[in-house]
Each structure stands twice: as structure tokens, then as C-alpha cells.
Asker: 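Submitted below is the structure of interest, expressed as C-alpha cells.
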Protein chains: 2
Amino acid sequence: MKPITSEKEFLKNYNIHDFDVPLTSVDMSIFSIIDDELQVLLLKRNDYPAKGKWALPGGFIDKQQDSNLEDTAKRKLLAKTGVSTPYLEQVSTFGSKQRDPRGWSVTIVYMALIAADDIKLSTDDSSDEIKWQPVYQLSNKPALAFDHNEIFNHCYERLKSKVQYTSLPVNLLPEEFTLTELQTTFEIILDMPIEKKSFRRRILDAQILEETGNLRTGNNRPAKLYKANKLGKDHFFQRSIEGPR
Amino acid sequence: MKPITSEKEFLKNYNIHDFDVPLTSVDMSIFSIIDDELQVLLLKRNDYPAKGKWALPGGFIDKQQDSNLEDTAKRKLLAKTGVSTPYLEQVSTFGSKQRDPRGWSVTIVYMALIAADDIKLSTDDSSDEIKWQPVYQLSNKPALAFDHNEIFNHCYERLKSKVQYTSLPVNLLPEEFTLTELQTTFEIILDMPIEKKSFRRRILDAQILEETGNLRTGNNRPAKLYKANKLGKDHFFQRSIEGPR
DNA sequence: TTGACTTAGTGTCTCAATAACACTAACATT
DNA sequence: AATGTTAGTGTTATTGAGACACTAAGTCAA
């Protein structure tokens, strides 16, 4: 067999099946605020392995449809929730010999934030059971399939730490929202009270919101409605929100 | 063919070669400060694809040796630099149809920080050419193999942003160092001057260093030597180092 | 129509962290 | 002993945030 002397020739002789590669998938934690609680989407596995256990949504890369990893995550998310423009962020990649009984496997983990109003759950394909689970019920119990508890915890920690110094929570709200609604969203995620004046000063100074001109009316003084501007969809603050002194 | 009714049975019938999975590798940006410059390790590729181009060190998972992704990164790093206890952090994972001419591929990217003193470069295996490249010479030229320029830029951005609010740079220094040396390391990475008093107050207040009792003597007043304590190896500050007002 | 109630939004004080910068301290070298 | 150089400190002004009491603007019920 003669030596290979060009890239073209190399590629002709190359066959991925000659290599012993790990199984590679994409999994995701999809967060939303439902009934004033931070919740995450779970699916009950319909097939082996881990049949019958609850798991984070995910699956394999479709080499035909997906041109990159984010495509894969978006496709999964659209199929399950009907949301096509989520906030999507890669969190981490887990890979080991032990995490899946099928052997060496790798999973790229994403976190998505979606507004409750946009969700249209579909039990699309395999009639999987699907549910929203409040995160505080999940951080303790080690009940999920594979290493999905660990994966979820990473996502939850990432969400909490990033909320400290970004305007991420706008992605959990509808297009228009009041400052009080935004503050409440921060408080739900961080699970701690935030001082009203400091919060408003900081959000407004950061120049990530603009008034829509509309008002939310109710049983009391109407509140101005805001929406996130271009910066607001993924903006870093100067300083972080801190707890009480 | 009868239906599968247990996990055990499922695993017996499972064969990864029935699946069309992507090629999966681990790549890394290895940073060190050499000649008062932040530099990154590059290898010249000895084989197709991208033969003859400079690339970040990396390679495939060894299903026999490596029990997880970090193992894989550590093994590569040890082979190339002789360093066995680096600071190692997963940065991101890149995967797409286009990034490698062989087709759909995924690479998990790590960044490593090592002290210049610990390095023993080895042209171990395939007599690859190996070199340190100053990062400022790399951020512009798109000369590396595959998408390694993009990958490197991610690592460099991560390093710079993380240095803002952590004590990461201790990992680029030898065991013992002076506060001025640590400050200089910060300044080299951030490429901006830092005010001396503020820097010292913040580092000392953070309680991440302890005096070793030794002094660095020279042609002037001797400086106290410090080493990082347990916290110091990966500690988050309260607030970030900021530029001039 | 008026006053109680509720939530929106503001004025202002205090405190803590830090950038700025001028200062003192301790060595070697001549 | 004087000079130069780097280590290390004292002190002020600024800034951003927490605390909290205040005002503003609506609904609703009597």
C-alpha cells in the first residue's frame, strides 16, 4: 500500500468506522417560571437504557439535519416545547466511561430559558411522558436517569451564578414586563429578597431596557412596561447583585 | 426477534458501531508566561488532515486509559510538557459538520495554566515540531489548522475574563512568588496597568495567600514571598479588578 | 365624592470597596 | 554616607449599593 501524499487522498481512505469513538449526545436543562416557581422540563424515558426513569431532554446529533451543536439543541427544544428562539447557552460537557451503561459516552449540555407564555408542550414522537418539575424538588433527590442529577445541578448553579451579574432573567419573561416582575424573577431564581431601589437603579443604569410606552393596569398604580433592548438579551452588569449587609 | 424486556438484555444487543456518531476529540490551549509574555503551546501537524499546519495540542480519547474527559486532557498535557498538576478548566465544546474535513466532529476544549519553571518540553512521539507562541501574535493571524484560531480565541477570552475576578494567575507562577510578581502576571494577561495599593489590599484581604517566611533578595529592598493556600488555587474575589477611572 | 388600600416609584443617608497618589522602608552599590 | 531602586503604607475622594422612609397614582367600597 503506497503512502498517502495529499489531503484529498487521505480523505478518500478515511472511514470513521475504523475508529472507536464514544457515543455523543446533547442534553439540556430547559428552565421556565411557572406558577411563580423556577421549573425544569423532564421526560420519562420510554426505552432502554434507564427505561421508566425521568431524564433531561436530549438526544443524538442528526448528521443530516444539524450543522452544529446548537442546531441539535434547538431542534430538541422546538420539538418538545414549540419554542424556536430561546436563550440557549452551552454549560459544560460530561464524558466518562461510567456515566452510561453502554460504555464511554460524551454529552454536551445546554441550558435554555424560555417564557412560560411561549410554551406549547408536545408529546410529539414516542408519546413520552413530559412534565415541569420545580427545581427545589430536584436539587436533593437523586432520582434522574444516568448522571442527569449532576448535570442538572451544574445548569442550576450556572443559572444562579450568572444571574448575579447579568440580565439573563429577561429571557424568562414575555416581551413586555414591569420592573417589579423582573425583580420577582431575579428573586425566584436567586431565592433571596432584593432591595427595590438598588435593583431599579442598577437595571435602569445598565441601559439594557427601554420603555415601551405601555402600562400594566390593575387594582393600583399602573406600572410602566419595559422590554429588553439589543444589549439586554445577554448583557453583563458592572457589578453583581449582592445580598443584604 | 422477540422484544427486549430488561436493561441487561438491551445492553447485550447494543453495539456502538450501529450508530453514526461524530468523531470526538479533546483539544487544549496551554498557557504559560515565558520571557514576560503570555504564550501558548502549538504543535506542527505531522499527518493529514491539515498536515504541516500549526495546531493546538489535542487528540482522541483513549477508551482504555482515560476514565473521563479531564483524564484525556491531563494525559496530553503530561506527554507534551511534563507537567502533571496543571490548572485545568473546561472551556467549551465545538461541534459541526464543517470544522473538520473528515465530517461531523466534536472537540471538547480545555485551557491549562502552567508555571514556566515546571515545563520540560518533549517531542515525545511522532517528532512533532513544538513551540511557544506569544498570544498577541496569534489573536489576529488566522493561520492555525481547522477552527483552532476560533478555539484559541475562546480560551484567551475566558482567561482574560476570569482573571478579572479570580486569583487564577497564581497557577502561572512557581510555588513561591512576590506580590509584585503576581501583579505583573495580572498585568501581562489583562494587558493593562493595575494600581499597586489596590491590588495588594485586595489580594491580601481575600486571604488566598500566605507568607512563606522567605524573602526574595536583589539589588534593593527584599520582598516577602507568598504562596497560594487551598483557596488560592481557584478562588473568586468579591469584586473585580477594574481599570482606571 | 372621599378616604382606605395597594403597589409603583423616588430621595437621601450611610457604608464599603477601590483608584489615585504621595509617602516611608529597606536593601545594594558606589 | 549618599544615591538609586524596588517594597510596602497612609490617606483621601469617588462611586455604587443597601436601607428605609417617603411620595405618586391608581382601584374599590362606603
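Only heavy atoms go into these numbers, but all of them, side chains included; no hydrogens, no water, no symmetry mates. Just so it is clear: chains get the letters A, B, ... in the order the sequence lines come, proteins before strands, and each one is counted from 1.
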Asker: Given B/M111, which partner from the list B/Y156, B/Y87, B/F152 fulfils the side chain to side chain contact (heavy atoms under 4.5 Å, CB included) test?
Answerer: B/Y87
Asker: Which comes earlier along DNA chain D counting from the 5' end, the contact point of B/Y226 or that of A/G218, where each point is its nearest nucleotide?
Answerer: B/Y226
Asker: What is the distance from CD of B/Q164 to P of C/dT18, rounded to the nearest Å?
Answerer: 13 Å
Asker: With side chains defined as the heavy atoms from C-beta onward, is the minimum distance between B/I30 and B/V83 less than 4.5 Å?
Answerer: no
Asker: Quick check: on DNA chain D, is the nucleotide nearest A/L215 upstream (toward 5') of the one nearest A/F199, or the reverse? Name the residue that is more 5'.
Answerer: A/F199
Asker: Using a heavy-atom cut-off of 4.0 Å across all strands, would you classify B/K196 as base, sugar-phosphate, or nothing?
Answerer: base
Asker: In whole angstroms, how far is the P atom of C/dT7 from the CG atom of A/L225?
Answerer: 17 Å
Asker: Do the side chain of B/D205 and the main chain of B/R202 share a donor and acceptor less than 3.5 angstrom apart?
Answerer: no
Asker: How many whole angstroms separate atom CD1 of B/I203 from atom P of C/dA19?
Answerer: 12 Å
Asker: Between A/E187 and A/I194, is there a donor-acceptor pair closer than 3.5 Å when you use the side chain of the first and the backbone of the second?
Answerer: yes
Asker: Ignoring hydrogens and angles, does a donor from either the side chain of B/R221 or the base of D/dA7 sit under 3.5 Å from an acceptor on the other?
Answerer: yes
Asker: What is the distance, rounded to the nearest whole Å, between atom CG of A/D205 and atom P of C/dT10?
Answerer: 12 Å
Asker: When the distance from CZ of B/F177 to P of D/dA7 is rounded to whole Å, what number comes out?
Answerer: 14 Å
Asker: Given D/dG18, is OP1 or OP2 found less than 4.0 Å from the side-chain N or O atoms of A/S198?
Answerer: yes
Asker: Compare side-chain N and O positions of A/N219 against OP1 and OP2 of D/dC28 and report whether any pair is under 4.0 Å apart.
Answerer: yes
Asker: Please report, rounded to the nearest Å, how far the P atom of C/dT18 is from the CD atom of B/E195.
Answerer: 12 Å
Asker: Pick base, sugar-phosphate or nothing for B/T180, based on heavy-atom distances below 4.0 Å to the nucleic acid.
Answerer: sugar-phosphate
Asker: Nearest whole angstrom, please: distance from the P of C/dA19 to the CZ of B/F186.
Answerer: 12 Å
Asker: In terms of the nearest nucleotide of DNA chain C, which residue is placed more toward the 5' end: B/R201 or B/K197?
Answerer: B/R201
Asker: Counting N and O atoms only, with roles assigned by atom type, does the side chain of A/S25 sit under 3.5 Å from a partner on the main chain of A/T107, one being a donor and the other an acceptor?
Answerer: no
Asker: To the nearest Å, give me how far apart CD1 (B/I194) and P (C/dT18) are.
Answerer: 12 Å
